[in-house]
Number of protein chains: 2
Amino acid sequence: MSYANDMPKSTTRADTELSGALRIGVMRLARRLRAERTDASLSLTQMAALGSLERHGPLSPSELAGHERVRPPSMTRTIALLEAKGLVGRTAHPTDGRQAIVALSAEGRALLAADRRRRDAWLSRRLPELEPDELEVLRAAVPILDRLAQS
Amino acid sequence: MSYANDMPKSTTRADTELSGALRIGVMRLARRLRAERTDASLSLTQMAALGSLERHGPLSPSELAGHERVRPPSMTRTIALLEAKGLVGRTAHPTDGRQAIVALSAEGRALLAADRRRRDAWLSRRLPELEPDELEVLRAAVPILDRLAQS
DNA sequence: TATTGTTATACTCTATAACTATA
DNA sequence: TATAGTTATAGAGTATAACAATA
């Protein structure tokens, strides 16, 4: 076999089965976590935009639209809603008069933190139901999931 | 401490940290997998309804709405769109004249299979980049993720 | 009367096209 | 002329309220 030297790079039947099972498991748990959303005052769209600002820091509307994979007019609207709620603020770009800079307000930051605490609480309540060796598996799995997500 | 007898059922600080990391990892990977969606002819809403019919078999519109956590009028609309595309069919309930039965057509089943193959392919291509012991961790993690999702 | 499903209507999120202001 | 952002407008998805048909 000419694959002898790069076996680890080929796709085996076991890989295919694992990828199917993993995809289903991850999607299911993500759906469950998403359903645990508590703060009904904000849509998922708005929460996502807020989360992007937290992850990346202050951004222009176009950059934010890019991160959220949304067109600029859609982000214009989302920003306006978040601004009306006092969760983000806008300032002028220091040198380019066309651009604006959108940043999280203290209220926005607090809301994100509260939302995250509530979600973590749901999962935290379930983890003690697992066996110690199962918790160990999850701990080992997290960095692998992260790497897959980034690739 | 009165918790001595049920330590495994209490929430430790390590649990809280793990739950935060796990939530982020799962949500990230789910987002990445979702972005791998290829068939642009169907919205996520429509794909999800189709998937429900595959998982649970033929359902009435109300049952389907329940599974998708959507109100009956919304499902009426979704079913109409899927029916227009030939992906589902409707038949009368054998005994209850009020109810309808919605079922996947052969075309709907084929579309789901093709979509799943594409997603699995993306993940399968990445798994060989992992070390054997990392693959073992993922294999062990899948049933745990499933149990968490169901609880 | 209660249940199943649809129709009528309205709100949110998204998009494309056209416009304004600045570079 | 090109870029950043907004406004105008339309389509899809969702909801509640009201209605029709059946149990």
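These numbers come from the heavy atoms of this one structure, side chains and all, not from hydrogens, waters or symmetry mates. Numbered from 1 within each chain, the chains take letters A, B, ... in sequence-line order.
Residue A/Arg71 has its side chain nearest to C/dA15 when only D/dG13, C/dG5, C/dA15 are considered. For A/Pro73, the listed nucleotide lying nearest its side chain is D/dT6; candidates were D/dG13, D/dT6, D/dT14. In this structure, the nucleotide among C/dT6, C/dC13, D/dT14 sitting nearest to the side chain of B/Ser74 is D/dT14.
In this entry the distance linking CE of B/Met75 with C1' of C/dG5 reads 13 Å, nearest Å. Rounded to whole Å, atom C1' of C/dT4 lies 11 Å from atom NE2 of B/His93. Across the protein-nucleic acid pair, B/Arg69 atom CZ and D/dA15 atom C1' stand 17 Å apart, rounded to whole Å.
The shortest side-chain heavy-atom distance between B/Ile101 and B/Arg90 does not fall under the 4.5 Å cut-off. Taking 4.5 Å as the limit, every side-chain heavy atom of A/Ile24 sits out of range of all side-chain heavy atoms of B/Val142.
Between A/Ser62 and D/dG5 there is a side-chain polar atom (N or O) within less than 4.0 angstrom of OP1 or OP2. Listed pair A/Thr76 / D/dT6 meets the phosphate criterion, a side-chain N or O lying under 4.0 Å from OP1 or OP2. Considering only side-chain N and O atoms, A/Arg77 lies nowhere under 4.0 angstrom from the phosphate OP1 or OP2 of D/dG5. One finds a side-chain N or O of A/Thr45 lying less than 4.0 angstrom from the OP1 or OP2 phosphate oxygen of C/dT14.
Place B/Ile79 and A/Thr78 on DNA chain C by their nearest nucleotides, and B/Ile79 ends up nearer the 5' end.
Annotation: B/Arg69, atom CZ; neighbour count of heavy atoms from other residues, nucleotides and ligands within 6.0 Å does not exceed 12.
For the segment residues 95-105 of chain A, residues with any heavy atom less than 4.0 angstrom from an atom of DNA chain C are, sorted by number, A/Thr95, A/Asp96, A/Gly97, A/Arg98.
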